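See below for the structure under consideration.
Just so you know, ligand 1 is whichever comes first in the structure, and atom 1 is the first atom listed for that ligand. Just so we're clear, the structure is a prediction, and the values are computed from it rather than from any experiment.
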Amino acid sequence: MRQSQLYTKTRKEAPADEVSKNAILLTRAGFIHKEMAGVYTFLPLGLRVLKKIEDIVRRHMDAIGNELVMPSLSLRENWEKTGRLETVDVLMKTMPANKVSEEKSSNSYILCPTHEELITPIASEYARSYKDLPIAFYQIQTKFRNEARAKSGLLRGREFRMKDLYSFHKDEADLQKYYEEAKKVYMNVFREVGLGEDTFITLASGGDFTKDFSHEFQTVVDAGEDIIYLDRKNNIAYNKEVVNEENAKRLNVDFETLEQVKACEVGNIFPLGTKFSKAFDYTYMDEEGKKQDVYMGCYGIGPSRLMGVITEKFADVKGLVWPASVAPFSLHLISLAKEKDSETAKTAEDIYTKLTNAGVEVLFDDRNESAGAKFADSDLIGIPMRVVVSDKSLEKGGVEIKERTKEESEIISIEELFATYKKNCE
Ligand code: ATP
Ligand code: MG
């Protein structure tokens with residue numbers, strides 16, 4: 001993509017109404033636009049990152065479930081059935097906004113913060129026999145929660161993206177087996193987006209679903225709102241909420257010896273048991289034709305929160321730093337040609353065309369700006385590799401390449417650049 005065609009612009013000043021590092025940098029770099037507290041537009045650059053994250057999540061989830069998309073609007077009755085109409089403290093609803101609308105229909109709907117209330121009735125239509133189980137559905141979709149504190153940018157949205165997966169099993173053992181597999185798949189997702197080393201499976205409260213623990217995936221980061229007790233040796237952590245004498249005995253751990261760190265929950269999985277299947281009278285026929293309870297698990301990841309955590313984790317004083325797997329582009333090509341039809345300008349155009357045609361994702365800074373402004377924007381946007389074409393670089397034999405996280409640059413020939421990025425560029 002040509003930067004001259006990118007409608008959004010970077011800005012030097014931090015937005016006055018933001019306090020979090022992720023919101024400030026992502027706004028300055030033109031990745032997001034704030035609509036209100038906890039509600040953001042993903043601008044073209046931001047959408048590219050969000051899509052990369054969601055594509056990684058999708059690829060891993062396809063191995064363990066079927067993708068679908070459920071609506072955000074749901075019926076009140078479904079929430080009454082599970083009792084969560086009263087107990088979910090972030091639940092929001094819609095209402096007709098004016099008289100004319102109200103005359104058409106006065107219905108009010110629940111805006112889903114999660115989808116157990118919708119998926120359970122769906123699964124019960126398609127999996128009624130032991131032969132149909134286990135099944136698992138997932139979606140990547142927008143969720144709504146009336147969060148009290150929405151000052152953390154993408155870390156805590158009132159409208160945000162979630163991947164939610166739900167699994168249905170014929171007994172607890174089968175749920176457990178799937179649950180353990182899901183843990184592994186989850187860690188692979190966090191590894192692939194660049195957070196593997198800092199993300200820990202964390203025992204947390206099962207909420208009102210289960211007396212067992214749920215498992216959170218907590219990324220160690222200063223901006224995190226949770227405190228975890230980290231046991232690095234055994235590669236496991238405990239959310240502060242479960243740190244008490246009873247659990248110390250139950251788990252045989254001495255919490256006092258563990259490191260306490262700030263972390264952000266990027267994923268959470270729950271063995272739900274029969275809570276939701278019972279609420280919707282969902283049973284299946286076993287081999288003997290007897291009705292049995294269906295066991296459920298639910299598994300969430302927040303792609304938009306992940307984008308915020310990646311920002312918080314890797315950004316430096318100059319701006320954003322994207323891991324290659326989620327970067328909006330692989331390469332930031334900068335032309336410092338002084339005149340439009342100079343040899344240098346033509347060479348830069350040629351490099352852009354060839355790399356793009358070969359499938360390399362290139363952001364091409366073809367704007368009429370100073371070198372200083374272009375370099376500052378490049379650092380702010382945070383693409384992993386910068387390639388500069390200038391009169392000087394061509395005199396020295398090619399282009400100047402520099403990794404976003406390194407200070408030193410080097411000159412390589414144009415052939416070498418093509419060879420590195422795509423063998424079939426020629
Ligand atoms: P938290 O404790 O941080 O409020 P939660 O436990 O309520 O989160 P879950 O219901 O487990 O969240 O949601 C699954 C995943 O969705 C979370 O692990 C997180 O990645 C993401 N998520 C939850 N709430 C938000 C939010 N308000 N903004 C952005 N992402 C969120
Ligand atoms: Mg959670």
Side-chain angles (χ1 to χ4, degrees), residues 20 22-23 26 32 34-40 42 46 50 53-54 56-57 61 72 82 84 87-92 111-117 119 138-166 179 182-183 185-187 189-190 193 195 198-210 212-219 221 223-228 237-242 262-272 275-276 297-313:
S20 70
N22 74 85
L26 290 167
I32 61 172
K34 185 181 191 169
E35 303 307 331
M36 63 191 95
V39 182
Y40 293 91
F42 288 85
L50 183 67
I53 296 173
E54 293 187 351
I56 290 172
V57 171
M61 293 307 131
S72 291
T82 60
R84 293 211 291 183
T87 57
V88 173
D89 63 359
V90 290
L91 204 60
M92 295 203 267
L111 273 172
C112 289
T114 177
H115 278 75
E116 286 81 1
E117 275 73 1
I119 196 68
Y138 82 92
Q139 65 177 346
I140 302 176
Q141 184 244 26
T142 301
K143 296 280 190 273
F144 298 88
R145 293 187 182 184
N146 194 15
E147 301 277 3
R149 290 167 298 154
K151 288 193 211 132
S152 310
L154 294 187
L155 299 188
R156 186 168 295 284
R158 293 202 166 108
E159 176 175 337
F160 62 96
R161 302 287 292 171
M162 197 200 286
K163 184 287 301 174
D164 42 330
L165 180 144
Y166 306 89
Y179 192 82
K183 268 188 202 165
V185 172
Y186 262 49
M187 278 314 296
V189 170
F190 299 124
V193 299
L195 296 172
D198 302 294
T199 303
F200 296 89
I201 294 185
T202 303
L203 297 198
S205 145
D208 57 355
F209 302 136
T210 164
D212 283 339
F213 295 109
S214 76
H215 293 80
E216 292 175 343
F217 295 78
Q218 291 274 5
T219 306
V221 60
E225 290 175 3
D226 291 344
I227 301 279
I228 59 168
Y238 305 88
N239 190 311
K240 190 176 181 176
E241 69 189 11
V242 301
K262 281 191 181 168
C264 182
E265 179 201 310
V266 288
N268 199 179
I269 63 177
F270 290 85
L272 296 174
K275 177 180 161 93
F276 291 96
C298 73
Y299 315 79
I301 292 184
S304 51
R305 180 178 285 184
L306 267 177
M307 184 167 157
V309 170
I310 293 167
T311 301
E312 294 278 345
K313 194 86 211 161

**Request:** Could you pull out the closest heavy-atom pair between Met307 and Leu50, with the gap in Å?
**Result:** SD-N, 4.0 Å
**Prompt:** Atoms of ligand 1 less than 4.0 Å from Glu147 heavy atoms?
**Reply:** 24 (N), 26 (C), 27 (N)
**Asked** Looking at Gly157, which atoms of ligand 1 are within less than 4.0 Å of one of its heavy atoms?
**Response** 26 (C), 27 (N), 28 (N), 29 (C)
**Prompt:** Residues two or more places apart in sequence or in another chain: which of them pass side chain to side chain donor-acceptor pair (under 3.5 Å) with Asn239?
**Reply:** Glu216
**Asked** When you measure from atom 21 (C) of ligand 1 to every protein heavy atom, which one gives the shortest distance, and what is it?
**Response** Gly302 CA, 3.7 Å
**Request:** Go through the steps to decide whether Tyr166 and Tyr138 satisfy the test ring-ring contact (aromatic ring centres under 6.0 Å, His included), and finish with yes or no.
**Result:** CA-CA 6 Å; Tyr166 306 89; Tyr138 82 92; over 10 Å; no
**Prompt:** Polar-atom distance check: Leu154 versus ligand 1, any N or O pair below 3.5 Å?
**Reply:** no
**Prompt:** Checking only N/O/S atoms, does Glu216 have one that is under 2.8 Å from the Mg ion (ligand 2)?
**Reply:** no
**Message:** To check your reading of the model: name the closest protein heavy atom to atom 22 (N) of ligand 1, its residue, and the distance in Å.
**Reply:** Phe160 CE1, 3.5 Å
**Message:** Can you check which of Arg158, Arg305, Glu225 brings a heavy atom nearest to atom 3 (O) of ligand 1?
**Reply:** Arg305
**Prompt:** Are any of the side-chain heavy atoms of Val189 and Met61 separated by less than 4.5 Å?
**Reply:** yes
**Message:** Taking 2.8 Å as the cut-off, does Ser214 contribute an N, O or S atom near the Mg ion (ligand 2), distance below it?
**Reply:** no
**Item:** Distance-minimising heavy-atom pair for Tyr186 and Gly267
**Value:** CE2-CA, 4.4 Å
**Message:** Please find the pair of heavy atoms, one from Gly153 and one from Ser20, that lie closest to each other, and give the distance.
**Reply:** N-OG, 3.5 Å
**Prompt:** Does any N or O atom in Met162 lie less than 3.5 angstrom from one in ligand 1, N or O only?
**Reply:** no
**Prompt:** Is the closest N or O pair between Ser304 and ligand 1 shorter than 3.5 Å?
**Reply:** no
**Item:** Polar proximity ligand 1 side, Gly300 side, N/O cut 3.5 Å exclusive
**Value:** no
**Message:** Suppose I only count heavy atoms of Val266 and a 4.0 Å limit; which atoms of ligand 1 are within that range?
**Reply:** 18 (O), 20 (O)
**Prompt:** Gly267 heavy atoms, cut-off 4.0 Å: which ligand 1 atoms fall inside?
**Reply:** 18 (O)
**Asked** Closest heavy-atom contact between Gly308 and Leu155?
**Response** C-CD2, 3.7 Å
**Prompt:** So, does Asp164 sit close enough to ligand 1 that a heavy atom of it is under 4.0 Å from the ligand?
**Reply:** no
**Heteroatom proximity flag, Arg161 to ligand 1, N/O under 3.5 Å** = no
**Fill in**
In Glu225, Glu147, Arg305, the residue satisfying side-chain hydrogen bond (donor to acceptor under 3.5 Å, both in side chains) with Ser152 is Glu225
**Message:** Which residue and atom name correspond to the protein heavy atom nearest atom 1 (P) of ligand 1, and how close is it?
**Reply:** Arg156 NH2, 3.6 Å
**Prompt:** So do Pro113 and Leu91 actually touch side chain to side chain, heavy atoms under 4.5 Å?
**Reply:** yes
**Fill in**
Closest non-hydrogen contact found for Thr82 with Phe276 is CG2-CD2, 3.8 Å
**Message:** Heavy-atom distances under 4.0 Å decide this one: backbone, side chain, both or neither, for Glu265 against ligand 1?
**Reply:** both
**Message:** Judged on heavy-atom distance to atom 11 (O) of ligand 1, which of Asn268, Val309, Leu155, Asn239 sits nearest?
**Reply:** Asn268
**Message:** Just by distance, no angles: are the side chains of His215 and Tyr179 close enough, under 3.5 Å, to form a donor-acceptor pair?
**Reply:** yes
**Request:** State, to 0.1 Å, how close Met187 and Thr199 come at their nearest heavy-atom pair, and which atoms those are.
**Result:** CE-O, 3.4 Å
**Request:** Output the atom name for the N/O/S atom of Glu265 with the smallest distance to the Mg ion (ligand 2).
**Result:** OE2
**Contact check, Thr114 vs ligand 1, heavy-atom distance below 4.0 Å** = no
**Item:** Residues forming a side chain to side chain donor-acceptor pair (under 3.5 Å) with Arg158, sequence neighbours excluded
**Value:** none
**Message:** Checking a contact table here: which protein heavy atom is nearest atom 12 (O) of ligand 1, and how many Å away?
**Reply:** Arg145 NH1, 3.3 Å
